[in-house]
Amino acid sequence: MPVDEEHFESIPWSALIPQERDRPWMVYVAAASLVALMVGVLAARSLRTTSPGTGPEAAPAPVVPATTPVAPPASVPPMSEADLLAELQPGDQGPESAAMRAEWFVTDYFTEDGAGGRESELAAALGRPAPAARLDATTYVEWARAWDVVSEGDGRFRVLVAFRSITATDAGFRRGLVRGVAVRVRVDTNGGTRVVEVPEPAELPAAPAPAGPPDPVTLPAEVGRRALESASVWDGEATVVEGSHDDGVWRVRIDVVDEAGSVWPMVVWVEDPGNRVP
């Protein structure tokens with residue numbers, strides 16, 4: 001049936017909506033909710049299209065690997081087959097190892113303290129039983145120093161060692177003379193050592209002839225003052241005894257008294273203030 005447009009437009013729209021006079025606020029609530037929903041949808045689309053990396057059209061940022069410059073390794077000369085097959089020759093570690101073992105052996109060999117273990121330590125160094133120690137004395141090696149090492153070939157060394165012992169007596173400990181011995185030591189290719197034989201008596205090196213101090217002369221007061229100032233590092237009482245002059249330097253002999261009351265003759269070297277003999 002044809003619709004009369006003039007009749008359709010003349011119909012009041014308020015007649016199509018049920019009118020409830022007691023609750024008109026529900027219409028406004030529904031309209032406000034619809035508007036808020038539309039605003040939220042539009043805002044979400046705007047953020048998705050403008051934020052980097054969130055939209056499908058955003059391309060991932062290229063990853064650039066961090067590189068640290070590395071210095072090229074130092075060139076190492078290649079080893080030949082002969083170098084790889086070569087064995088350590090006896091004596092490469094020899095003198096130092098032989099001197100160490102000789103000093104150690106002399107300290108144990110000339111010590112007699114009755115504490116036990118001496119024979120086993122010496123037997124380990126010699127590779128065979130060691131001579132028994134006397135039981136009627138107590139002796140300690142105060143120090144032992146090697147002053148020369150002579151190679152005898154095939155990893156064997158003759159080590160010259162000086163040492164001093166202290167022996168207990170009824171009056172207290174007595175320091176002995178400095179003595180010399182020769183100890184033969186074999187050094188293995190891996191640095192291990194073995195004492196070949198018990199010590200052999202050896203002569204100590206001869207001391208050079210003493211030159212003697214120059215004749216004493218009158219000491220200037222300034223030189224004496226400087227000598228006492230140098231001696232003050234001992235925190236003791238010092239006294240000038242005499243002085244001599246040699247090649248622009250004063251040799252001043254002083255006596256220093258320590259806190260125990262012992263007097264120690266000592267010498268101080270002082271440069272000549274005028275660099276001339278007065």
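No experiment lies behind these values; they were computed from the predicted model shown.
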Open item on the list: Tell me whether Trp143 at atom CH2 has more than 12 heavy atoms from other residues, nucleotides or ligands lying less than 6.0 Å away.
Closed with: yes

TODO: For Glu229, look at atom CD and say whether over 12 heavy atoms of other residues, nucleotides or ligands are found less than 6.0 Å away.
DONE: no

If hydrophobic clusters are built from ILVMFWY residues whose side chains come within less than 4.5 Å, do [X] and [Y] share one?
| X | Y | answer |
| --- | --- | --- |
| Trp104 | Val149 | no |
| Val198 | Val181 | yes |
| Val233 | Val257 | no |

Would you confirm whether [X], through its side chain, and [Y], through its main-chain N or O, come within 3.5 Å as a donor-acceptor pair?
| X | Y | answer |
| --- | --- | --- |
| Arg164 | Gly176 | yes |
| Glu200 | Ala182 | no |
| Thr111 | Thr107 | yes |
| Arg194 | Ala124 | yes |
| Asp188 | Gly191 | no |

To the nearest 0.5 Å, what is the distance between [atom1] ([X]) and [atom2] ([Y])?
| X | Y | atom1 | atom2 | answer |
| --- | --- | --- | --- | --- |
| Glu237 | Ile254 | CD | CD1 | 11.5 Å |
| Ser151 | Arg156 | OG | CZ | 10.5 Å |
| Leu160 | Trp147 | CG | CH2 | 4.5 Å |
| Arg251 | Trp269 | CZ | CH2 | 6.0 Å |
| Arg174 | Thr169 | CZ | OG1 | 6.5 Å |

- [ ] Determine the interplanar angle of the His245 and Trp250 rings, folded into 0 to 90°, and report it as parallel if under 30°, tilted if 30 to 60°, perpendicular if over 60°.
- [x] perpendicular

Open item on the list: Could you check whether any side-chain heavy atom of Thr139 comes within less than 4.5 Å of a side-chain heavy atom of Phe110, counting everything from C-beta outward?
Closed with: no

TODO: Evaluate the side-chain proximity of Phe105 to Leu126: yes if any heavy-atom separation is below 4.5 Å, no if none is.
DONE: yes

Can you give me the closest heavy-atom contact between [X] and [Y], atom names plus distance?
| X | Y | value |
| --- | --- | --- |
| Gly224 | Val240 | O-CG2, 4.1 Å |
| Ala125 | Arg101 | CB-NH1, 3.4 Å |
| Ala227 | Val252 | CB-CG1, 3.7 Å |
| Val187 | Ser97 | CG1-CB, 4.2 Å |
| Ala162 | Val178 | CB-CG1, 4.3 Å |
| Ala238 | Leu228 | O-CD2, 3.7 Å |

Salt bridge check, [Y] against [X]: does any charged N sit closer than 4.0 Å to a carboxylate O?
| X | Y | value |
| --- | --- | --- |
| Glu271 | Arg226 | no |
| Arg128 | Glu197 | yes |
| Arg186 | Asp154 | yes |

Open item on the list: Run the side chain to side chain contact (heavy atoms under 4.5 Å, CB included) test against Ala102 and tell me which residues pass, sequence neighbours left out.
Closed with: Val159, Val161, Val183, Val185

- [ ] Please list, chain by chain and in numerical order, all residues satisfying salt bridge (charged side-chain N to carboxylate O under 4.0 Å, His left out) with Asp255, sequence neighbours excluded.
- [x] Arg253

